[in-house]
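We count ligands from 1, going down the list as the structure has it; atoms in each ligand are counted the same way.
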Amino acid sequence: MAAQRTLCIVKPDAVEKRRSGAILQCIEESGFKLVALKMTHLSRGEAEGFYEVHRQRPFFGELVEFMTRSPVVIAVLERDEAVTAWRDAMGATDPAKAAAGTIRKQFGANVGENATHGSDSLDNARREIAYFFAGTEVSPTA
Ligand code: ADP
């Protein structure tokens, strides 16, 4: 199985609760390798650009306010079928509907403040990784 890379953001709610370390531990224990990692406080422009696809959605303003409220931890994760594996590990968007044991069930508060982001396709993973990381900031493929 070919290794893939996907983007993870530990969102402000989880960082504020000091759960970013616990979430990164879950990620590593689920078989992902961390190949890039940083903490940053997103500007409004960075958050709006990242979520551009959601600009027309009713929750866009709320989402940008939330994502810029305090720092986030951004990681590139590598393993076989990384995109699907990370979406599965996170669980449903709404933590109340997420399966037991998933990251959003364990660490998320509600449908907006749901602890983590994960790319939803390989094309988006490539775009999102390039949005946040220069090539020199990501470990080369082994
Ligand atoms: P996912 O992150 O599971 O791919 P979406 O792409 O639909 O979900 O939404 C992006 C993000 O927008 C969600 O992770 C969540 O933080 C926020 N969001 C989604 N739906 C709502 C909503 N109804 N109200 C507030 N925020 C929302």
Side-chain angles (χ1 to χ4, degrees), residues 1-139 141:
M1 200 83 69
Q4 287 180 352
R5 290 174 170 193
T6 191
L7 189 84
C8 159
I9 304 178
V10 181
K11 296 183 178 183
D13 59 320
V15 177
E16 288 164 5
K17 292 176 194 157
R18 305 186 189 189
R19 305 308 284 154
S20 49
I23 291 172
L24 292 176
Q25 183 173 359
C26 285
I27 287 169
E28 289 190 309
E29 288 174 351
S30 303
F32 297 92
K33 181 178 168 188
L34 296 169
V35 294
L37 184 65
K38 67 173 147 193
M39 175 176 265
T40 184
H41 193 149
L42 297 180
S43 68
R44 172 166 292 275
E46 286 169 337
E48 287 180 349
F50 184 72
Y51 283 115
E52 183 61 38
V53 64
H54 291 313
R55 191 174 281 278
Q56 302 310 325
R57 308 277 288 273
F59 56 80
F60 182 73
E62 184 186 333
L63 177 59
V64 169
E65 283 299 317
F66 164 54
M67 291 300 291
T68 57
R69 163 173 106 191
S70 59
V72 294
V73 172
I74 312 180
V76 178
L77 314 182
E78 181 179 276
R79 59 162 279 176
D80 60 301
E81 301 295 330
V83 172
T84 307
W86 176 227
R87 296 283 299 183
D88 289 349
M90 286 198 308
T93 306
D94 183 351
K97 297 178 183 152
T102 58
I103 302 253
R104 282 167 162 174
K105 179 59 120 191
Q106 292 179 77
F107 301 104
N110 56 58
V111 69
E113 301 197 7
N114 56 5
T116 53
H117 166 84
S119 311
D120 64 1
S121 69
L122 195 51
D123 279 352
N124 280 338
R126 291 195 181 106
R127 185 183 63 75
E128 292 177 0
I129 290 167
Y131 188 81
F132 284 122
F133 291 96
T136 50
E137 294 178 302
V138 183
S139 291
T141 304

(Q) Determine whether Leu7 and Tyr131 satisfy the following criterion, side-chain contact (heavy atoms from CB on, under 4.5 Å), listing intermediate values before the conclusion. (A) CA-CA 10 Å; Leu7 189 84; Tyr131 188 81; over 6 Å; no
Q) Do Arg79 and Arg5 pass the side-chain contact (heavy atoms from CB on, under 4.5 Å) test, and can you show the C-alpha distance, the side-chain angles, and the key distance before you say yes or no? A) CA-CA 7 Å; Arg79 59 162 279 176; Arg5 290 174 170 193; over 6 Å; no
Q. Please walk me through it: do Glu128 and His117 pass side-chain contact (heavy atoms from CB on, under 4.5 Å)?
A. CA-CA 11 Å; Glu128 292 177 0; His117 166 84; 2.9 Å; yes
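For the ligand labelled ligand 1, residue Lys11 lies inside the 4.0 Å heavy-atom shell. Under the 4.0 angstrom criterion for non-hydrogen atoms, Asp120 is not in contact with ligand 1. His54 counts as a contact of ligand 1, since one of its heavy atoms falls under 4.0 Å from the ligand. Under a 4.0 Å heavy-atom criterion, Arg87 is in contact with ligand 1.
When side chains are defined from C-beta on, Met67 counts as touching Ile9, because their heavy atoms get closer than 4.5 Å.
When hydrogens are left out, the protein atom nearest atom 3 (O) of ligand 1 is Thr93 OG1, 2.5 Å; that is the closest non-hydrogen contact. Closest to atom 26 (N) of ligand 1, if we only count protein heavy atoms, is Gly112 CA, 3.4 Å. When hydrogens are left out, the protein atom nearest atom 21 (C) of ligand 1 is Phe59 CD2, 3.5 Å; that is the closest non-hydrogen contact. Arg104 NH2, 3.0 Å is the protein heavy atom nearest to atom 2 (O) of ligand 1. Here the protein heavy atom with the shortest distance to atom 7 (O) of ligand 1 is Arg57 NH2, 3.8 Å. Taking atom 15 (C) of ligand 1 as the reference point, the nearest protein heavy-atom neighbour is Val111 O, 3.2 Å.
Here the OG1 atom belonging to Thr102 is positioned 12.0 Å from the CZ atom belonging to Arg87, to the nearest 0.5 angstrom.
Proximity of Glu62 to ligand 1, defined as any heavy-atom pair under 4.0 Å, is confined to the side chain (atoms from C-beta onward).
The shortest N or O to N or O distance between Phe66 and ligand 1 is not under 3.5 Å.
The only member of Leu77, Val76, Thr6, Asn124 that meets side chain to side chain contact (heavy atoms under 4.5 Å, CB included) when paired with Ile129 is Val76.
Sparse packing is recorded around NZ of Lys97, with 12 or fewer heavy atoms of other residues, nucleotides or ligands lying under 6.0 Å away.
Each of the following atoms of ligand 1 lies closer than 4.0 Å to a heavy atom of Leu63: 12 (O), 16 (O), 17 (C). Near Asn114, meaning under 4.0 Å from any of its heavy atoms, are these atoms of ligand 1: 13 (C), 14 (O), 15 (C), 16 (O).
For the pair Lys17 and Phe107, the cation does not sit on the ring face, since its NZ or CZ is not both under 6.0 Å from the ring centre and inside 45° of the axis.
Between Ser70 and Pro12 the shortest heavy-atom distance is OG-CB, 3.3 Å.
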